[in-house]
Number of protein chains: 2
Amino acid sequence: MILEKKKAFSTFAVSKGLRSTRQRDIILDFFLSTHQHVSVEELYLKIKATHPGIGNATVYRTLKLFVEAGLAREILLHDGQTRYEHIMAGEHHDHLVCTGCNAIIEFEDETIEKLQNEIATRHGFMIRSHKLEIYGLCVNCRK
Amino acid sequence: MILEKKKAFSTFAVSKGLRSTRQRDIILDFFLSTHQHVSVEELYLKIKATHPGIGNATVYRTLKLFVEAGLAREILLHDGQTRYEHIMAGEHHDHLVCTGCNAIIEFEDETIEKLQNEIATRHGFMIRSHKLEIYGLCVNCRK
DNA sequence: CTGCTTTTGAAATTCATTTTCATTTGATGT
DNA sequence: ACATCAAATGAAAATGAATTTCAAAAGCAG
Ligand SMILES: [Mn+2]
Ligand SMILES: [Mn+2]
Ligand SMILES: [Zn+2]
Ligand SMILES: [Zn+2]
């Protein structure tokens, strides 16, 4: 799976005429080995620990490439930091976001997806994508 | 409806021990008379034209009060500016966003809301709010 | 290796939003 | 109306994420 994504990025890079660099390899490795929904700063700090030479501008730039390449999706929560999560071809999920501890739980619901299609049809709308985020308190944070 | 909201804010202000100020009245008037999904800067500039004395910090501060008061909701699109839209206490809607012409169609779906509650319950999660945005092409833009 | 172009990192910059703080203003009591 | 005192305001400074700049470094084709 990780190998697949590396190959996918390589293919993308070639098709775009991008050069293969040490930094991009490292950033991709770290991104792929990181839990979902990393902020750029988080990823940058992790990388910096073992690769102090890499600048944050490069991390910002490279994550945008991953989005272009279809490996990552940008998500905006309400904490002022852009986060990136892994996506696999064809896969989709939505998010429960805990406003207490920032935990993110992923879920899928076929019925909701179906209802969205109906709503779109009703409005003559052709769906490209959607985003459903449910905010609240997770089990640990309620009480 | 505008009167209702003014009253609602007034009630909120009283309950919170907030003072009634000229600025808040003006900002509320402008907010209520503005189309949906205004950015703070947009609203500030509009106000500034006829009320040059009002500072943007006050506009920022006041819009947050409107959210607290249940009159407004904060929306994050991908343009780096926080936007606010009108809501009525207790009312809720979601968005169909046309990526062609940026039109926004609002909708409500009780079944989806219900399913969201079930999902939340299933994960021990207490819902505070949610955001559902469906991206695609509106009737005019598909052709 | 050479020459050309992309990429990079550090620093500067941008831009939205927040904070600071001196001043003004609203509310309350006299 | 006046005095008092906390809350609210505006201007300016500060913050912080993200982007841009640019000289130096690195990739790649020949
Ligand atoms: Mn996710
Ligand atoms: Mn709306
Ligand atoms: Zn939590
Ligand atoms: Zn459209």
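Sequence lines set the chain letters: A, B, ... in the order given, protein chains first and strands last, and positions in each chain run from 1.
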Separation of dA8(D) C1' from I54(B) CD1 (nearest whole Å): 12 Å
Touch class at under 4.0 angstrom, heavy-atom based, for S20(A) against every strand present: sugar-phosphate
Atom-pair distance (CG on L18(A); P on dA26(D)), nearest Å: 19 Å
Sugar-phosphate, base or nothing in reach of G53(B), heavy atoms under 4.0 Å: sugar-phosphate
Toward the 5' end of DNA chain C, by each residue's nearest nucleotide, R22(B) or N56(A): N56(A)
Taking every non-hydrogen atom, the tightest pair across C98(A) and L137(A): SG-CA, 4.0 Å
Side-chain N,O (T82(B)) to OP1/OP2 (dT17(C)) below 4.0 Å: yes
Aromatic centroids of F30(B) and H51(B) separated by under 6.0 Å: yes
Value in whole Å for how far the P atom of dT15(D) lies from CD of E41(A): 16 Å
Under 4.0 angstrom between Q23(A) side-chain N/O and dA25(D) OP1 or OP2: no
Considering all heavy atoms, the nearest I75(B)-H37(B) contact: CD1-CD2, 3.2 Å
Sugar-phosphate, base or nothing in reach of R24(B), heavy atoms under 4.0 Å: sugar-phosphate
Atom-to-atom span, NZ of K16(A) to C1' of dT6(C) - whole angstrom: 15 Å
Contact nearer the 5' end of DNA chain C, comparing R83(B) with G55(A): G55(A)
R19(B) side chain, from C-beta outward: closest of dA6(D), dT7(C), dG10(D): dA6(D)
d(CG, D79(B); C1', dT14(C)) in whole Å: 16 Å
D25(A) CG to dG27(D) C1', straight-line distance once rounded to whole Å: 12 Å
Nucleotide dT19(D), atom P - distance to CD of Q81(A) in whole Å: 13 Å
Aromatic contact, F31(B) with Y84(B) (centres under 6.0 Å): no
Touch class at under 4.0 angstrom, heavy-atom based, for K64(A) against every strand present: sugar-phosphate
Minimum-distance nucleotide to Y60(A) side chain [options: dA11(D), dA18(D), dA27(C)]: dA18(D)
N/O donor-acceptor pair under 3.5 Å between T11(A) side chain and K7(A) backbone: yes
Rounded interatomic separation in angstrom, taking CD1 from I47(B) and P from dG10(D): 10 Å
Listed nucleotide nearest any side-chain atom of R61(A), set dA10(C), dA16(C), dG10(D): dA10(C)
Any T21(B) side-chain N or O less than 4.0 Å from OP1/OP2 of dG26(C): no
